[in-house]
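Order of the sequence lines fixes the chain letters, A, B, ..., with proteins taken first and strands second; residue numbering starts at 1 for each chain.
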There are 2 protein chains.
Amino acid sequence: MLRVSRLTDYATVVMTVIATHPADVLSTAQIADEARLELPTVSKLLKLLGHAGLVESFRGVNGGYRLARPAEAISLADIVEALEGPIGLTECSIAQGHCDRHAQCGVSGSWQSVSGAIDGVLRGMTLAQMLAGRPAAPAKGAANPAQANA
Amino acid sequence: MLRVSRLTDYATVVMTVIATHPADVLSTAQIADEARLELPTVSKLLKLLGHAGLVESFRGVNGGYRLARPAEAISLADIVEALEGPIGLTECSIAQGHCDRHAQCGVSGSWQSVSGAIDGVLRGMTLAQMLAGRPAAPAKGAANPAQANA
DNA sequence: TGGAAACCGGACCAAAATGGTACTGTTTTC
DNA sequence: GAAAACAGTACCATTTTGGTCCGGTTTCCA
């Protein structure tokens, strides 16, 4: 269904929880509690988000996590990429040359085009906007914004 | 990765093959040959595409498949939906109420918003446009929703 | 100085989705 | 009535996903 994985969905929740406490370092347990998610799952997510440079970690007693950048500077695309790798609808969209049918398939260009547009949509939605609840037009940079759903 | 399934990718290839012969009824074998895909796989795809009303089927000798509508009237969203169901990045995007965390999660609105935008992107790319952007033709149509991979 | 609080990096496993194939039936044409 | 071609369904192997656990390391503080 053209889904993002459930972990990615959870990751956005985790990020918004962290973002609502901009001044604090939150432990995994606190975050899991506020996000209503299992602790091991949240722990795994935070590791991934840390590797992607979206959160900063602090070890030891009173350690925990904090946003690495202001919420305005973190996009949904950043989060999706942290969990799922580079954004692209098809294999061709990410790396050419893998497909031996590439020469005659003819659709790769179209897929790349829409992948780019979708990347723009995701990049236009910031964590700050997600916090705000009802964001304005999410599709900046994409040529076909469409209506903001129902 | 935010991928579309490989079958969906194949389906676009199959559709473009059919679309290049607007006047003919093509057998599954012909389509498989032109698309360079396995016959059973193509057969499965065509059944799905038929159920979605994107292709018409004709049984018996000299039977086969044909586009049910002109290529201009078939969008990438139609094909994706035929293979993967309703378009929505998260479960919340498709049907509300499933998630017991819905009340406090706060991100569902954002996901719905970007899902809608992506749906628009997919709906804006028609099969006719995909045909126009074949690799043999160096002059890529400027009618695409966005420039490739920004 | 030692213990507790937290994160780190893996490994691991069960369950589900995916991709691919096969088989049998039905329809149509000649 | 035989052959061509689609229809429906069932099946299986593989991969991906989601979730959990464990031992190790770092830091704080009594």
Side-chain angles (χ1 to χ4, degrees), chain A residues 1-14 18 24-33 35-68 80 82-85 89-91 94 99 101, chain B residues 1-14 18 24-33 35-68 80 82-85 89-91 94 99 101:
Chain A
M1 308 180 188
L2 189 55
R3 292 273 173 87
V4 98
S5 85
R6 204 190 306 185
L7 271 308
T8 302
D9 192 359
Y10 291 168
T12 60
V13 177
V14 164
I18 300 176
D24 305 325
V25 172
L26 302 177
S27 72
T28 305
Q30 286 176 285
I31 297 168
D33 185 56
R36 263 106 181 160
L37 295 170
E38 295 303 316
L39 193 140
T41 300
V42 172
S43 171
K44 185 183 211 173
L45 288 172
L46 287 167
K47 282 176 219 170
L48 267 338
L49 293 168
H51 291 163
L54 302 184
V55 298
E56 270 183 318
S57 67
F58 300 91
R59 305 178 76 153
V61 177
N62 299 327
Y65 293 91
R66 189 174 64 182
L67 250 41
V80 170
L83 275 289
E84 320 203 359
L89 270 347
T90 63
E91 311 197 12
I94 295 171
C99 183
R101 295 179 259 269
Chain B
M1 315 171 203
L2 188 57
R3 292 272 173 89
V4 97
S5 86
R6 204 191 306 185
L7 271 309
T8 302
D9 192 0
Y10 290 168
T12 61
V13 177
V14 163
I18 300 176
D24 305 326
V25 171
L26 302 177
S27 72
T28 305
Q30 286 177 285
I31 297 168
D33 185 57
R36 264 104 179 162
L37 295 170
E38 295 303 314
L39 194 140
T41 299
V42 173
S43 171
K44 187 184 212 173
L45 288 171
L46 288 167
K47 281 176 218 170
L48 266 338
L49 292 168
H51 291 161
L54 302 183
V55 298
E56 270 184 318
S57 67
F58 300 91
R59 304 179 77 155
V61 178
N62 298 327
Y65 293 90
R66 190 175 61 183
L67 250 43
V80 170
L83 274 288
E84 319 202 359
L89 271 344
T90 63
E91 311 200 10
I94 296 172
C99 183
R101 296 179 258 269

- Message: Looking only at the side chain of Val61(A) (C-beta and beyond, no hydrogens), which of the listed nucleotides dT20(D), dA5(C), dG19(D) gets closest?
- Response: dA5(C)

- Which of these nucleotides, dG9(C), dT9(D), dG19(D), is closest to any side-chain atom of Lys47(B)? dT9(D)

[X] [atom1] to [N] [atom2]: how many Å, rounded?
{"X": "Arg59(A)", "N": "dG3(C)", "atom1": "CZ", "atom2": "C1'", "result": "17 Å"}
{"X": "Arg66(A)", "N": "dC7(C)", "atom1": "CZ", "atom2": "P", "result": "14 Å"}
{"X": "Leu7(B)", "N": "dT21(C)", "atom1": "CG", "atom2": "C1'", "result": "13 Å"}
{"X": "Leu48(A)", "N": "dT17(D)", "atom1": "CG", "atom2": "C1'", "result": "13 Å"}
{"X": "Phe58(A)", "N": "dT26(D)", "atom1": "CZ", "atom2": "C1'", "result": "14 Å"}
{"X": "Glu38(A)", "N": "dC21(D)", "atom1": "CD", "atom2": "C1'", "result": "14 Å"}
{"X": "Leu45(A)", "N": "dT20(D)", "atom1": "CG", "atom2": "P", "result": "12 Å"}
{"X": "Lys44(B)", "N": "dA17(C)", "atom1": "NZ", "atom2": "P", "result": "14 Å"}

Please determine whether a side-chain nitrogen or oxygen atom of [X] lies at a distance below 4.0 Å from atom OP1 or OP2 of [N].
{"X": "Ser27(A)", "N": "dC7(C)", "answer": "no"}
{"X": "Thr28(B)", "N": "dA5(D)", "answer": "no"}
{"X": "His51(B)", "N": "dA7(D)", "answer": "no"}
{"X": "Ser57(A)", "N": "dA6(C)", "answer": "no"}
{"X": "Arg3(A)", "N": "dT17(D)", "answer": "no"}
{"X": "Tyr65(A)", "N": "dC8(C)", "answer": "yes"}
{"X": "Asn62(A)", "N": "dC7(C)", "answer": "no"}
{"X": "Ser5(B)", "N": "dA17(C)", "answer": "no"}

- Task: Would you kindly compare Ala29(B) and Pro40(A) by the position of their nearest DNA chain D nucleotide and give the one closer to the 5′ end?
- Result: Ala29(B)

- Query: At what distance, to the nearest 0.5 angstrom, does CD1 of Ile18(B) lie from OH of Tyr65(B)?
  - Reply: 8.5 Å

- Note on the structure: Value for CG (Leu83(A)) from CZ (Arg6(A)), rounded to nearest 0.5 Å, stands at 13.5 Å

- Checking Val25(A), Val55(A), Leu26(A) against Arg66(A) for side chain to side chain contact (heavy atoms under 4.5 Å, CB included), the one that qualifies is Val25(A)

- Task: Carefully, step by step, assess Thr90(A) and Thr12(B) under the rule side chain to side chain contact (heavy atoms under 4.5 Å, CB included).
- Result: CA-CA 11 Å; Thr90(A) 63; Thr12(B) 61; over 6 Å; no

Contact class for [X] (heavy atom, under 4.0 Å): base, sugar-phosphate, or nothing?
{"X": "Gly64(B)", "value": "sugar-phosphate"}
{"X": "Ser43(A)", "value": "nothing"}
{"X": "Gly60(B)", "value": "base"}

- Side-chain donor or acceptor of Glu84(B) paired with backbone N/O of Val4(B) under 3.5 Å: no

- Message: Does Glu38(B) have more than 12 heavy atoms from other residues, nucleotides or ligands lying within 6.0 Å of its CD?
- Response: no

